[in-house]
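Here's the structure, in structure tokens; my notes come after.
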Amino acid sequence: MSIFADENTRVIVQGITGRDGSFHTRQMMAYGTQVVAGVTPGKGGRRFEGPDGIAVPVFDTVADAVAETGGADAAVIYVPPAFAASAIMEAADAGVGFVVCVTEGIPVLDMTRAHALARDRGCRVLGPNCPGLISPGKAKLGIIPGNIVEPGPVGLISRSGTLTYEAVHHLTRDGLGQTTCVGIGGDPLIGTSFVDCLEAFAADPDTKAVALIGEIGGTAEQEAAEWAGRHLEIPAVGFIAGRTAPPGKRMGHAGAIISGAAGTAEEKTKAFEDNGIPVARRPAEISKLVGELLGR
Amino acid sequence: MSIFADENTRVIVQGITGRDGSFHTRQMMAYGTQVVAGVTPGKGGRRFEGPDGIAVPVFDTVADAVAETGGADAAVIYVPPAFAASAIMEAADAGVGFVVCVTEGIPVLDMTRAHALARDRGCRVLGPNCPGLISPGKAKLGIIPGNIVEPGPVGLISRSGTLTYEAVHHLTRDGLGQTTCVGIGGDPLIGTSFVDCLEAFAADPDTKAVALIGEIGGTAEQEAAEWAGRHLEIPAVGFIAGRTAPPGKRMGHAGAIISGAAGTAEEKTKAFEDNGIPVARRPAEISKLVGELLGR
Amino acid sequence: MNLHEYQAKELFRQAGMPVNPGEVASSPDEVRALAEKYGGTVVVKAQVHSGGRGKAGGVKLADGPDEAAEHAETILGMEISGLVVEELLVSPAEKIATEAYVGVLVDREGQCPVFMVSAEGGVDIEEVAATNPDAVHKLRVDPRYGLMPHQAYWMATRLYDEPALVRQCAKVLSGLYDAFTRNGASMAEVNPLISTEDGQVKAIDAKVSIDGNELFRRPTVEALRDTASEEQGAARAREAGLSFVKLDGSVGCCVNGAGLAMATMDLVKYYGGEPANFLDIGGSSNPDKVVAALEIITADPNVKVILFNIFGGITRCDDVARGIVEAAGRIDIRVPLVIRLTGTNEELAREILADAGFEAVASMDEVVQAAVRVAA
Amino acid sequence: MNLHEYQAKELFRQAGMPVNPGEVASSPDEVRALAEKYGGTVVVKAQVHSGGRGKAGGVKLADGPDEAAEHAETILGMEISGLVVEELLVSPAEKIATEAYVGVLVDREGQCPVFMVSAEGGVDIEEVAATNPDAVHKLRVDPRYGLMPHQAYWMATRLYDEPALVRQCAKVLSGLYDAFTRNGASMAEVNPLISTEDGQVKAIDAKVSIDGNELFRRPTVEALRDTASEEQGAARAREAGLSFVKLDGSVGCCVNGAGLAMATMDLVKYYGGEPANFLDIGGSSNPDKVVAALEIITADPNVKVILFNIFGGITRCDDVARGIVEAAGRIDIRVPLVIRLTGTNEELAREILADAGFEAVASMDEVVQAAVRVAA
């Protein structure tokens, strides 16, 4: 099994006609994801040509896309930051239950409203500023490269994009395939937390171990560690990026900043270790620790 | 039994130090209502002198009143229209579960927000622009005169204030006491509808008959008639004020206006009668019909 | 409170909406001058608070200044739905490609603003809704979020296919919502919203009603009130804080509470009389209100009797009684009063009235029957 | 983006908040003139993006124009947290009765703005929160409703007892929330918010940080950027759309993705090196970004090697490879490059690099160890 999305998930792509949107939609389709429609305001009525001669209709609005294609389970958003929060709200308002927002650079006050609407409408948001997720062999929603994953027993959760790929790459090479790899995003306000993912992995019988890839800033890793300590019955491994980051400086991700004494790598590492989660010192070590815990 | 409020309901009064607020708070206390505190911004720390030597503390905020008095079940609002929607929001936000808003003349756009917050916080609003309710012999929240009611088997629901008194007056004189008399308010946007009250009365074993006093404007009576036709097992009697009102003119209440062909007294009368609810032609007839249906 | 078209258009302009140009005139000469200034064909429109101005002959196309002045001559002073035309709006005629309808009002059921839009504009939208409901698209606005961009865009795609028109229309709808909320409106509509032959979307008509409860905090909107176009007694009633509607009968009614006031009118009719008015002296009353109510009612020459029906709750009967006594001293009440008072401070009220030589009964049926008898 | 005190105060004034007067000066003569203009005691405050200006000697009271000019002489050119003072804010001194703290920022957990207020102002609020948490009151703002009047009032009653001060403070808080949201701030605070001996509540300090993601749509706020006070490379990185933080080591890092960039720095340290910078070339990259990144890194004389660590996802490896080749042609890269590329279009990237004589490895540990070796 997998969490959040699989081969039956019917996906709409918002911003399908843009440079990134069209590139990654083709990659998603090539991976086998059920993309049923695209949305770009002003481009309704066209068709989007995917790989292998498959084409999907493009609509002006998500509501039309949902109505005309017999429903959608998820939307993936590749629209510019000025319009991305609005795109999330549009999808949530149209009744889409799961929204993956890849866009980076969305104003945080926009996101306070978008997250509120998503909660009001019962919509799960993954991201923003996230690489999305991939359920190996089933579907990918977002931009995680399909060639670095394999089906298997490991659930992976990360605040980062490329660091996720790095970790997955090692897991796959070491024969440790994945149920689902989830990039939760590097923004301070994200829709799906480590804990949300842990709960989902805990309920998935196929996931036998979890890797948690965190970074400096905020307290999401500490909360995850505490939750895992109390509820998680499968082994988990942690990693924290940003040990060398100076306090008060934003390290790229809007969420990756040490404020005062809070949100340091030390604090997070301690939280993991206090809750029985070994912490890798190098990205390559993550896979090694997971393998040990799984008795491989 | 009674609906919405009884002798155990702990009540806060917002606007307790004003002319109307102080007058009616004393009346409520004299009737036996458990008033536990008052709120008037800027008057926190004083005491409000009720009848019979009883005094209650006055606070600056509802949150303080709730915190300092060990919780409140209901708030009654007597503040000017410019601040009344805010007062409703304050009460709902402080966790008060039932708010009676007597104030008339609140801007309707203010009320769209106040009703939304009340829904979000799980707070029932009665009114605004309503006389409140009275559960004879137990408690009154609002301004319905205590001397015109008696305990008994009739539930009364009305969009009006004084017309309610008129109807209750006859019921009482005819020996038909009441479980609760509820004035739901004359505004276009009210928090508790006829249907909400009907549901509550239907669940109250002591209520043996219901009187519905409606007026022109909107479709609340039609919805009540339909609900009663489908679900109500006890007899009901209707009355509609405004048979002689010309279309397009607002008859005092912001909600009492015939728009186009909709909301006429004829339409509402027909809806009642179609659902087996006899309609009184004069206020005095309401009691007569109730008596007949109860076999008195 | 209803606004005139030109006032509504000004509020729309302030909200950034594209509105056709136009100026107000109140004489044929002014209209001629405006027609000269604009050149070409102009539209001359009566400014009255009424629908159906076109059908009533209050809207005319004019091919030049002379014809415009002629139309002005005809329309000025015309009566439309009982209202006399005193002002005209003159605008250059537009080259219309399509006509749509967009409006927003407060939805009772949803307890929120609701948009109604239709690609079939320029006609009575209620009729469209009745005969072809699929042609009218409704959209509720969650007051917690306001009109969201995707909602405006979705509505715009219901009205236009061409992306450039859709974009313009979405802006119009956002502007309309702004105008609606910023001015405390209860209704704001554009009918028709046109697209021109050169691809511009704009409003060539405008209708706005303001929620009366908003006016205390919107002095600039309150200043738009056209008291000249109000009905008799309305201004005085408003100043005194009374709800008043003039009717055609002979039984003047002074009641506390809108429901009871309506029921009283209904009962007058039931017993064979005709109410002269709806009048609610309101909740927390004071004697001055009673005085004002009596002045307004007695100003109507049709009134043959004045019926007081007061059930005290938040209104105290003694206040009303004092008001009646004071009014009787201040103004010349040339018709009989029949009084019913019951409820809060009823005993005190009876004493006050008795001291001044008035009598009060306790039953509504009784007092209404008495009033009808006197008026007969 | 941090604003200077005087800029933040201007935003506060625009939001209707009461702020003490003050003007900016950049020379002792200007300061003297301002002190003369205000008369009496004045405060001279260094305008730098740093807390602890007072402790560093950047804030001084002056009893007259001469003393003010003397202080200006001392403070101008002073270094506070590595930033050189180039401007001073001169204000008349206030008669302070009480000092409070009010601030609003974005709460990660609640996903909403959160106010922090305390009657203990004028000191480090984090210290108050740590030593006396009950003295700090938190209030979350539901973004669907904004700051509601009762919330502002409630906070105000936590700071003041006197009703007149409470009312003024509630207005200050509403204004602060307006200033926060209208300018796209991520933090806005007043420390201290004072009450004066004659009963006025006003802000005598102001601190505002703007969410960088807001700036594209707020040109007037963007115009407040003080590029002179930015660190080396920051302006160039911003223009090129790169995330860059200067550090003290010798291994220049150019990575795609913030997480991987941090992990790369950490790995440099792990293998005994010191990173010279954090640099994320971002998601959807183009060759120009790579060129800019190389220019920024090579401008640092400490850099002895440049490490590329690229894992292709939304970034395509071939774009980065092209950028490296182009940059090598355009600018003089005087230090060795060590390159790791893997992921999307990896093969194509290797070909491009090979054609230009560069080699790439596939493992992160490998490339980092190589870089540390070169820098050693």
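Just so it is clear: chains get the letters A, B, ... in the order the sequence lines come, proteins before strands, and each one is counted from 1. Values reported hereafter were calculated over all heavy atoms of this structure, with side chains retained and with hydrogens, waters and symmetry mates removed.
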Check your understanding: Got a second to check how far A:His170's NE2 is from D:Asp365's CG, nearest 0.5 Å?
Key -> 6.0 Å

Check your understanding: With distance as the sole test, does A:Thr162 use its side chain to make a donor-acceptor pair with the main-chain N or O of D:Asn256 at under 3.5 Å?
Key -> yes

Review point. Going by heavy atoms in the side chains, are D:Met265 and A:Met251 under 4.5 Å from each other?
Key: yes

Practice item. Work out which heavy atom in D:Ala185 is nearest to a heavy atom in A:Leu109; give both atom names and the distance. Key: O-CD1, 4.0 Å

Check your understanding: Thinking salt bridges, do A:Arg250 and D:Asp211 make one under a 4.0 Å N-O criterion?
Key -> no

Practice item. Identify which part of A:Ile106 has an atom lying under 4.5 Å from any heavy atom of chain D, answering side chain, backbone, both or neither. Key: backbone

Exercise for review: Measure A:Pro131 against the heavy atoms of chain D and call it side chain, backbone, both or neither at under 4.5 Å.
Suggested key: neither

Review point. For D:Met262 and A:Thr244, which heavy atoms make the closest approach, and how far apart are they?
Key: O-OG1, 4.4 Å

**Study point:** Over all atoms of both residues, closest heavy-atom pair of A:Thr112 and D:Pro113
**Key:** CG2-CD, 4.4 Å

Review point. Between D:Asp280 and A:Gly252, is there a donor-acceptor pair closer than 3.5 Å when you use the side chain of the first and the backbone of the second?
Key: no

Study note, to complete from the structure: Given A:Thr164, A:Asp187, A:Leu163, the one with more heavy-atom pairs under 4.5 angstrom with chain D than any other is A:Leu163

Study note, to complete from the structure: For D:Gly312 and A:Pro145 the tightest heavy-atom approach is O-CG, 3.2 Å

Study note, to complete from the structure: Under 4.5 Å to a heavy atom of chain D? For A:Arg159 that would be side chain

Check your understanding: Which residue out of A:Pro81, A:Gly255, A:Ala284 racks up the most heavy-atom pairs below 4.5 Å with chain D?
Key -> A:Gly255

Review point. So, D:Asp266 side chain and A:Ala241 main chain: donor-acceptor pair closer than 3.5 Å or not?
Key: no

Practice item. With side chain to side chain contact (heavy atoms under 4.5 Å, CB included) as the test, would you mind laying out the steps for A:Phe23 and D:Thr344 before giving the verdict? Key: CA-CA 11 Å; A:Phe23 176 81; D:Thr344 310; 3.8 Å; yes

Check your understanding: Would you say D:Leu247 and A:Pro246 make side-chain contact, with heavy atoms under 4.5 Å?
Key -> yes

Point to revise | Options D:Arg217, D:Lys269, D:Glu109, ranked by heavy-atom pairs under 4.5 Å with chain A, top entry | key: D:Arg217

**Study point:** A:His169 and D:Phe311: CA distance, side-chain angles, deciding distance, side chain to side chain contact (heavy atoms under 4.5 Å, CB included) verdict
**Key:** CA-CA 10 Å; A:His169 189 56; D:Phe311 207 121; 3.9 Å; yes

Practice item. Go through the atoms of D:Phe180 and report whether side chain, backbone, both or neither lie under 4.5 Å from a heavy atom of chain A. Key: both

Point to revise | Short N-O contact, D:Asp142 and A:Arg113, less than 4.0 angstrom | key: no

Practice item. Please state whether the side chain, the backbone, both or neither of D:Ala261 comes within less than 4.5 Å of a heavy atom of chain A. Key: neither

Review point. Are the side chains of A:Arg243 and D:Tyr270 in touch, meaning some heavy atoms are under 4.5 Å apart?
Key: no

Exercise for review: Could you look at D:Tyr145 and say if it's the side chain, the backbone, both or neither that has a heavy atom under 4.5 Å from chain A?
Suggested key: neither

**Study point:** Proximity breakdown for A:Ala82 and chain D, heavy-atom pairs closer than 4.5 Å
**Key:** both

Check your understanding: Would you find more than 12 non-hydrogen atoms of other residues, nucleotides or ligands less than 6.0 Å from D:Asp248 atom CG?
Key -> no

Point to revise | Residue part contacting chain A, namely of D:Arg340, when any heavy atom lies under 4.5 Å | key: side chain

Check your understanding: Are the charged groups of D:Arg144 and A:Asp120 less than 4.0 angstrom apart, N to O?
Key -> yes

**Study point:** For the student: nearest non-hydrogen atoms of A:Ala256 and D:Arg108, plus distance
**Key:** N-NH2, 4.4 Å

**Study point:** Part of A:Glu166 within contact of chain D (heavy atom distance under 4.5 Å)
**Key:** both

Check your understanding: Is the count of non-hydrogen atoms from other residues, nucleotides or ligands lying under 6.0 Å from A:Tyr31 atom OH greater than 12?
Key -> yes

Practice item. Find the distance between SG (D:Cys112) and CE (A:Met111) and round it off to the nearest 0.5 Å. Key: 13.5 Å

Point to revise | Between A:Ala116, A:Gly218, A:Gly161, the one whose heavy-atom pairs under 4.5 Å with chain D are most numerous | key: A:Gly218

**Study point:** Validation row: D:Val106, A:Leu189 side chains within 4.5 angstrom (heavy atoms)
**Key:** yes

Point to revise | Side chain D:Gln111, main chain A:Ile190, donor-acceptor under 3.5 Å | key: yes

**Study point:** Options A:Ile240, A:Asp110, A:Asn147, A:Ile216, ranked by heavy-atom pairs under 4.5 Å with chain D, top entry
**Key:** A:Asp110

Review point. In terms of heavy-atom pairs under 4.5 Å, which option from A:Pro188, A:Gly214, A:Ser193 contacts chain D the most?
Key: A:Pro188

Point to revise | OH on A:Tyr165 to CG on D:Leu260, rounded to 0.5 Å | key: 10.0 Å

